Structure formats: C-alpha cells, structure tokens
Amino acid sequence: MFNKRVKVKDLLASEPTGQEVIVMGWVRGFRNNQFIAINDGSTNNNIQVVAELGTFDEAILKRLTQSASVKVTGTLIASQGKGQKVEVKATTIEILGDCDPEKYPLQLRNRPSLEYLREIAHLRFRTQTFGSVFRVRHALAFAVHKFYNEKGFVYMHTPIVTASDAEGAGEMFRVTTLPMDNPPRNEDGSINFKEDFFGRSTNLTVSGQLEGELAAMAFSEIYTFGPTFRAENSNTARHLAEFWMIEPEMAFYDLEDNMNLAEEFIKYLIRHVMENNREDLDFLAQRLAEEEKQLPQDKRSEMGLIEKLEFVLNNNFERITYTEAIDILLNSPAYKKKKFQYEVKWGIDMQSEHERYLVEKHFKKPVIVTNYPKDIKAFYMRQNDDGKTVAAMDILAPGIGEIVGGSQREERLDKLTQRMEEMHIPVEEMWWFLDTRRYGTVPHAGFGLGFERMVLFVTGMTNIRDVIAFPRTPKNAEF
RNA sequence: GGAUGAUUAGCUCAGUGGUAGAGCGUGCCCCUGUUAAGGGCAGGGUCGAAAGUUCGAAUCUUUCAUCAUCCGCCA
C-alpha cells in the first residue's frame, strides 16, 4: 500500500506539527552523511530528510546514492537549517532501488549540457530543467483543452494514417505492410499498392486540417490536437519529424475572427501557465538568464523570460499586411545598409532574416502578417478580390519565427477547383473535400499552432528537441 | 539538402609537431546541522574512425561518422 505517501510539493506546503509522514522519491543529494534531498517530480524543490548521525546502519547510508529510490517514514518538523522551512526527521529508511554511482550516467553536480542530456533522454526528466519543462508542457496541453472546451469547440480526433497528400505540407512517411525487399509490381514496374493493407498508398498525416474542415461543416467549431509527421530533412532547432499541432477550424469565421481567436488562444495559454506554474517558470527564467550570460552582449535578450511573457500578455499583437511588411523592410535601415542576404521585393516568400527583423528589431513583439501573395501559399486559402493575394495569416513570435499559420478557407467551389487545377492538385481524389463546398458551404477559417514551438516560447528553451520527451529528427529515434 | 564549426577521462573543457592535463563526478579515509557541505589520498584516456605526411601526430592532410549552429522546407 503506497497511497499513504505525501507528495514532496504538498509536504513543503505543510505546517510542521511533528506529524508522521511517508515520503517516496529519488535521492537528489546526500550531504554530510545526514541530509538526504529527495525529489518525486511533483516540484523542482526537494524535501530534506534528516538521518540523525549514529541512528542508521552504515550499510543503508552507503546506498543513498544519487537517483537511488527510497521510502522514508518520519516526522515533519520545522527545519533547523536555513535552506528550507520544513524537513522530515527519519525514523525508517528503506531503499526501494539502488543506483550504482559508478555506472549512472547522470551526475547532476557535473552540470551536464543539454546536448549530453539528449543522449540520455530516458533519464533527463530527473533534472530540474526537464522537470520544469515537462510540467509546463503538461500544463499547456491541459490549457489547450480547457480553452476550447470553455468555448464550446468539439475535439476531433483526425486520422494519423491518411491517403491524401493534398496539402503539400511536406514530404510524407509512407505506411505499408508490403515486403520491402520484394513488393508486388504492376506491369510497368511500379509498386502495386492495390495489394497493400489499405488497398492504396498511405502515409502518416502532415496535417489534420482537411478532415477538420469536414467536421467544422457540422459542429461549427472544432479543434484537433495530435501528432503530425513530416519526413523533411530539416536540421534546425525549430523542426521535428514528429510534432504535435493544434488545429482549430471554425465555420462562420473570417480572417479577422481567425486572428482574434489565435491571439486570445496564445494569451490564454501563457496566462494559464503564469498562474499555475510560476515556480517552474521562475526556475526556467533563471536558467535562461544564466545561459545568456555566456553570450556576447548584443545576442542577449532584452527581456527576461517572465518579463517577456507579461509583455506578450499585456500588448496587442501587431497586425500588418504582407504588403506593409515588405514596405517596412524596404524602408528599414537594415535594407539600406544592405544587411539582408536575400532580396526584398513584393512577391517573395519572406526569409527568416526578414521575419526576425520585423519581430525582433522593428516591432519587438508578436506580429500577425496577413494577405500574402497567392503564389506562395496553399491552394485552400481564400482568394482576395485584388486577384493577387489570399486571406492568410501567420503569427511570428520573437526567437521562434512562425508559431501559427492559418487562413480563411476558400468556400467558393468554382474558385477552389480553379486554383487546384492551377496548382496541379488532383481534383477527383479530393471529391470528399470538395463536397463541403457543394453541400451547404459556408465562410470558414482555421489555423495550426505548433505545440512544441509554443512550449519553446513559454519555457525559454532554445532547441525544440528539449521540449518534447523523445524527439524524432533526421537520424535520431533512439528512445 | 547546403554552409560553418566541433569531437581529448564518466561530465565540462584546456592542450597548434617532441613522454596526455584541470575542475567536477567516482572510490577510500577524516569531519559532522549541511544547502553545488568541507579537508586529505587514489583510480581513470590506444585524444570520434580509417588512411596519409613526418625521425616523431591529440596537433598537419584526405575520407567517413556523429553532434551543434545558421540557412532552406514549415508548425
């Protein structure tokens, strides 16, 4: 019976009246042969257990190594030391699982680097940094559902295995049960997918949007929140081959409604974490500040993590059109001093350096860019009356880049099919998608928010591989 | 996919052609109300791999591998 244990977080908040308590957790430190710091993941703080000298077997004390698991019974008393209010005076100490310090690869006192911790991702949750990151990640995921539930959105589970690659969002992972060394062939030598499990070629999903649109055409407002897969050979601190995405899709929404929802959503997530995970955020803020001390002055952030989050909460996102964005770039000192590596002119797909200039130098806050040229955006985005642009919107965040991509969708069947043909999208295969435009079509809109990018922004971590438990990136799927 | 850089002890790193180093961790001893506890002693590396240049290579050259950063693709 283990349920009598008190979590460390609750112990630390308790009044020390000498009550009997049971603590279980992992040893974080053992000082002076008397003071055991125990952590159970409920908080970054440890409970100090005092094993009075001479009262415990040397053989037991020797086994109190870092990350050994223990069960301690004792009394909760006010601490005589300065570092903590309460401590547990141990009456019994039981080792649940030993941890051989000569072999254990995670010695916290060594200040292991984030890169090294990625190599031992199965153990890195036992550090303060990853403890905080993943408690915050949990809180953000919970807040996603809370936000949409409060608004009456329906949570749709869109399929992971799909046959369509219509969005063209990227290279796809193939799903098949055909034998790799000897697949069935057609007469022309191509692989015969009619003999495959689904009787056709299938892939892992790159987006739940198209299916989401189908559901929105009945429930009015839905959202998806699930894993997404892109087989791009992307080697950056912002891309994963497997990542989680939130995709709301709303009938009776135009582009402005869409932007309003996205901004409210992001602020809701930040507020939720500020109110519920302050301790973890404070730790992460301190971690970030220490990391930035190593950087040259001009590369450090102007604001601390907490300051940055408060700033985002208290200010409206800047909203500009693509055309205005290009004008700002063309009139910028950076452009005049030829600081940009890539050309700036109307019609370009803005490069990272351009987006960063707008967000980090010019506006210094999140920016929503709208009405992009149609030629650089997806087929389903609603065509504006100017014939040149579509009702798209991207939200760019400082340090992260694109965190949201969305649009008002093209609800007019003729405009949509025309655009699909121009972009060589197989219209016949998409009959089910086009049916929504045939039968009771309505103006609607939606967006995708990259969950890990949101976690990056909130935690101040700089590499996306450090905000997902077991990152999937090119040449990496060890755990 | 492209560019740049890195790879030396368990970890973090120093070592630019002449016998392989530090801090931390680890082990043993001492101390005992500590807070990254303190003091002492000890063990620990064919310098990412292969080939080459050289009397001699961690150090120079080539190829490969892995990692990081930036770019492209996007969320």
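Being a predicted model, the structure only gives us computed values, none of them experimental.
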> Is it true that A:Glu279 and A:Arg135 have a side-chain N and a carboxylate O under 4.0 angstrom from each other?
Replying inline: no

>> Under 4.0 Å, counting only non-hydrogen atoms across every strand here, what does A:Thr228 touch: a base, just sugar-phosphate, or nothing?
In response: nothing

> In whole angstrom, what separates A:Arg118's CZ from B:rU66's P?
Replying inline: 16 Å

>> So A:Ser113, base contact, sugar-phosphate only, or nothing? Heavy-atom distance under 4.0 Å.
In response: sugar-phosphate

> Do A:Glu87 and B:rG33 share a donor-acceptor pair, side chain to base, under 3.5 Å?
Replying inline: yes

> Is there a donor and acceptor pair, one atom on the side chain of A:Arg230 and one on the base of B:rA75, closer than 3.5 Å?
Replying inline: yes

> Reckon A:Arg28 touches a base, only the sugar-phosphate, or nothing at all at heavy-atom distances under 4.0 Å?
Replying inline: nothing

>> Whether A:Lys62 engages the ring of A:Phe30 as a cation-pi pair (distance to the six-membered ring centre under 6.0 angstrom, angle to the ring normal within 45°) should be assessed.
In response: no

>> When you measure only distances, ignoring hydrogens and angles, does the side chain of A:Gln107 come within 3.5 Å of the base of B:rU26 through a donor and an acceptor?
In response: no

> Ion pair present between A:Lys293 and A:Glu290, side-chain N to carboxylate O less than 4.0 angstrom?
Replying inline: no

> Looking only at N and O atoms, is any donor in the side chain of A:Arg238 or the base of B:rC70 less than 3.5 Å from an acceptor on the other one?
Replying inline: no

> With distance as the sole criterion, do the side chain of A:Ser234 and the base of B:rC74 form a donor-acceptor contact below 3.5 Å?
Replying inline: no

> Given the P atoms of B:rA20 and B:rC31, what is the spacing between them in whole Å?
Replying inline: 39 Å

>> Any donor-acceptor pair, under 3.5 Å, between the side chain of A:Asn110 and the base of B:rG10, if you only look at N and O atoms?
In response: yes

>> Taking the basic N atoms (NZ, or NE/NH1/NH2) and the acidic carboxylate oxygens, is any pair closer than 4.0 Å for A:Lys377 and A:Asp394?
In response: yes

